[in-house]
Amino acid sequence: MSDALTVSRPGFTATPVRGGRRFSLQGRATTLNGTAKALGLAEVPAMLGTAQAGKCTLLRLAPQELLILTDDAGLPGKVTDYLATVPHSLVEVSDRQVGWTLVGERLHDTLAALSPLDMRARSFPVGCATRTLFGKADGMVWRTSEDTFHLEVWRSFAPYIVAMLDAAALDAAW
Amino acid sequence: MLLIRCPYCGDRAEVEFANAGEAHIDRPADPMSLSDEEWAQYLYMRDNPKGLIAERWRHAHGCNRFFNAIRDTRTDRFVTTYEIGQPRPEVTPEQAEEAAR
């Protein structure tokens with residue numbers, strides 16, 4: 001399966017992300033802020049922003065929603081302790097999604113073939129994360145560095161996304 | 001490509017959005033006291049104007065939030081978008097003219 005999920009073309013590589021867990025947290029602004037404070041951050045990241053707290057990454061995908069990526073240990077106890085005291089919705093979505101690390105000098109041309117979103121550095125800086133459409137599949141993209149993106153789609157879309165990325169990368173390499 | 005400005009995410013492609021019908025239609029507080037005609041009026045009757053309309057949109061492939069927008073039905077140009085719960089903003093004649101262009 002790992003080979004089936006890997007895309008490798010001249011100038012573009014998509015490597016599946018192994019391990020780690022994902023949590024979708026929904027709540028009011030105070031709940032999201034309290035969660036960020038429990039993780040040691042000053043406040044929750046701004047809309048479309050991300051923040052790193054130890055082994056947890058917080059991605060603000062909507063005003064009321066955080067996607068939290070963690071290592072295999074999951075959420076720290078201080079977060080679950082805090083959440084037990086406030087109204088919220090916390091769902092583990094580790095197996096719902098598949099993630100890839102995208103690299104290569106043809107990365108931007110490849111992504112541009114799948115999404116109309118402007119992913120140049122001036123409108124999509126490092127640390128920016130958002131849900132959008134890739135071809136016809138709903139996905140989330142996160143710029144982890146100047147030349148690296150993290151892509152996540154729902155598991156059932158994975159074969160479609162791999163095929164689309166492969167075709168787009170082949171096009172971009174010409 | 002038609003761009004729609006989500007109040008939370010900024011300008012995005014129209015393909016990310018879902019239209020959800022006319023905005024600012026309140027559910028009657030006490031449905032049992034209404035006549036059938038009044039209830040039908042609430043359920044089914046919409047303005048369908050030729051020109052500016054206030055409607056609900058959902059950023060379905062983004063932040064997933066509903067918001068309201070004012071759009072010209074003849075040209076599909078958006079005048080403004082605003083968060084749910086806010087009153088319908090005033091549209092200046094210049095804005096209306098630009099939207100109808």
Side-chain angles (χ1 to χ4, degrees), chain A residues 24-29 32 44-50 58-67 89 91 93 96-97 111-125 127-143 151-154 156-157 160-161 164, chain B residues 1-27 29 53-90 95 98-99 101:
Chain A
S24 174
L25 172 67
Q26 302 214 27
R28 294 182 188 277
L32 300 187
V44 72
M47 187 58 199
L48 306 186
T50 53
L58 280 62
L59 303 99
R60 185 84 178 272
L61 298 182
Q64 80 293 350
E65 180 182 347
L66 275 177
L67 179 70
S89 155
V91 182
V93 293
R96 184 183 73 175
Q97 290 170 207
L111 280 179
L114 265 64
S115 166
L117 194 66
D118 182 2
M119 286 188 239
R120 286 174 298 174
R122 82 171 179 207
S123 46
F124 203 78
C128 206
T130 184
R131 264 194 297 258
T132 183
L133 275 177
F134 294 92
K136 295 191 173 178
D138 201 31
M140 184 216 78
V141 66
W142 165 33
R143 189 177 204 141
L151 172 72
E152 299 228 330
V153 300
W154 286 19
S156 56
F157 297 146
Y160 170 80
I161 281 289
M164 290 290 279
Chain B
M1 183 171 70
L2 177 64
L3 292 179
I4 300 177
R5 178 163 297 172
C6 168
Y8 309 100
C9 303
D11 286 332
R12 293 300 181 89
E14 179 252 351
V15 68
E16 292 187 11
F17 294 87
N19 182 295
E22 198 173 326
H24 304 297
I25 294 171
D26 294 331
R27 184 185 165 87
I53 184 177
E55 40 183 19
R56 298 185 302 164
W57 284 81
R58 184 166 70 91
H59 195 182
H61 300 288
C63 61
N64 240 326
R65 294 283 284 215
F66 278 92
F67 61 90
N68 288 338
I70 294 187
R71 176 178 68 96
D72 193 305
T73 53
R74 294 165 295 183
T75 61
D76 272 350
R77 282 182 198 272
F78 282 76
V79 177
T80 184
T81 55
Y82 51 103
E83 291 181 23
I84 289 280
Q86 290 179 352
R88 179 174 175 154
E90 293 294 327
Q95 284 176 317
E98 171 66 19
R101 186 167 59 81

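Every chain is numbered from 1, with letters handed out A, B, ... down the list of sequences.
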What heavy-atom pair brings B:Val15 and A:Leu133 nearest, and what distance separates the two atoms?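 Shortest heavy-atom separation between B:Val15 and A:Leu133 comes out as O-CD1, 3.6 Å.
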B:Cys63 and A:Ala62: which non-hydrogen atoms are nearest, and at how many Å?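 Where B:Cys63 meets A:Ala62 most closely, the heavy atoms are O-CB, 3.2 Å.
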Exceeds 12 heavy-atom contacts within 6.0 angstrom, atom CD of B:Glu90: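 It does not: B:Glu90 CD has 12 such atoms or fewer within range.
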Short donor-acceptor separations (under 3.5 Å), chain B to chain A:
from, atom 1, to, atom 2, distance (Å)
B:Arg12, NH1, A:Thr130, OG1, 3.4
B:Arg12, NH1, A:Arg131, O, 3.4
B:Arg12, NH2, A:Thr130, OG1, 2.8
B:Glu16, OE2, A:Thr132, OG1, 2.5
B:His61, ND1, A:Asp138, OD1, 3.2
B:Gly62, O, A:Arg131, NE, 2.7
B:Gly62, O, A:Arg131, NH2, 3.1
B:Arg65, NH1, A:Gln64, OE1, 3.1

Review item, side-chain donor-acceptor pairs of residues 70-77 of chain B, under 3.5 Å, at least two apart:
from, atom 1, to, atom 2, distance (Å)
B:Arg71, NE, B:Glu55, OE2, 2.4
B:Arg71, NH1, B:Asp76, OD1, 2.5
B:Arg71, NH2, B:Glu55, OE1, 3.3
B:Arg71, NH2, B:Glu55, OE2, 3.3
B:Asp72, OD1, B:Arg74, N, 2.9
B:Asp72, OD1, B:Arg74, NE, 3.1
B:Asp72, OD2, B:Arg74, NH2, 3.0
B:Thr73, OG1, B:Pro49, O, 3.0
B:Thr73, OG1, B:Gly51, N, 2.9
B:Thr73, OG1, B:Gly51, O, 3.1
B:Thr75, OG1, B:Arg77, N, 3.3
B:Thr75, OG1, B:Ala99, O, 2.5
B:Arg77, NE, B:Arg101, O, 3.3

What part of A:Leu48 lies closer than 4.5 angstrom to a heavy atom of chain B: side chain, backbone, both or neither? side chain
